[in-house]
Structure formats: C-alpha cells, structure tokens
Amino acid sequence: MRYPLFLDLAGQPVTVIGAGTVARRKIKTLRQAGATITVISPAAGRLPADVRWIRRTYRPGDLAGARLVI
C-alpha cells in the first residue's frame, strides 16, 4: 500500500537514515525538492557536496528538528 505525501520541502531539514540504494534514490528526489539533507550512516560512499553526512549509526535524538525522516 502506498501513502501519497505532498510537502513543500524547500529549505526544510530532512534526515535520511542509511545510505543504501533506496536512500540514494530518495536523496536525489529530496535534493530536487530543495530539502536540506542530513544522512546518518556509518558508510555512504560519495554523496553530493550539499548533503551533510554524519558517519555513524543512528542515536536517539538524531531526528530532532527534522521535518521528514526517511
């Protein structure tokens, strides 16, 4: 089942947990939407320069302030 979701994410903080294939696809579309993206993952390879990468596993509190979490 799919849940359509329409948000204006321009300039909004979005946190992505993990950096696998699905996460990278989401990051691409989030960038197109103008979101400010933070990725939390111990490994991520190359990410676009405008994506903040926190090189570790998720910790409680990491989602504070995020408009959307993936």
Subject >> Heavy-atom pair with the smallest gap, counting every atom of Pro13 and Gly65 >> reply: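 Closest approach of Pro13 to Gly65: CG-O, 3.2 Å.
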
**OP:** Search all heavy atoms of Val39 against all heavy atoms of Ala19 and return the closest pair with its distance.
**Re:** CG1-CB, 4.2 Å

Subject >> Pairs meeting criterion salt bridge (charged side-chain N to carboxylate O under 4.0 Å, His left out) with involvement of residues 53-64, two or more places apart >> reply: Arg56-Asp62

Original post:
Leu7, Ile27: one ILVMFWY side-chain cluster at the under-4.5 Å cut-off?
Top reply: yes

Original post:
Mind checking whether Ile17 and Leu5 sit in one hydrophobic cluster, side chains of I, L, V, M, F, W, Y counted as touching below 4.5 Å?
Top reply: no

**OP:** Kindly compute the distance separating CG (Leu47) from CZ (Arg31), expressed to the nearest 0.5 Å.
**Re:**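 Separation between the atoms: 9.5 Å.
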
Original post:
Out of curiosity, Asp8 CG to Arg67 CZ, how far, rounded to the nearest 0.5 Å?
Top reply: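 Those atoms lie 8.0 Å apart.
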
**OP:** Going by the side-chain contact (heavy atoms from CB on, under 4.5 Å) test, name the single residue among Ile40, Ile54, Ile70, Leu68 that passes it with Thr15.
**Re:**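 The single option meeting the side-chain contact (heavy atoms from CB on, under 4.5 Å) with Thr15 is Ile40.
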
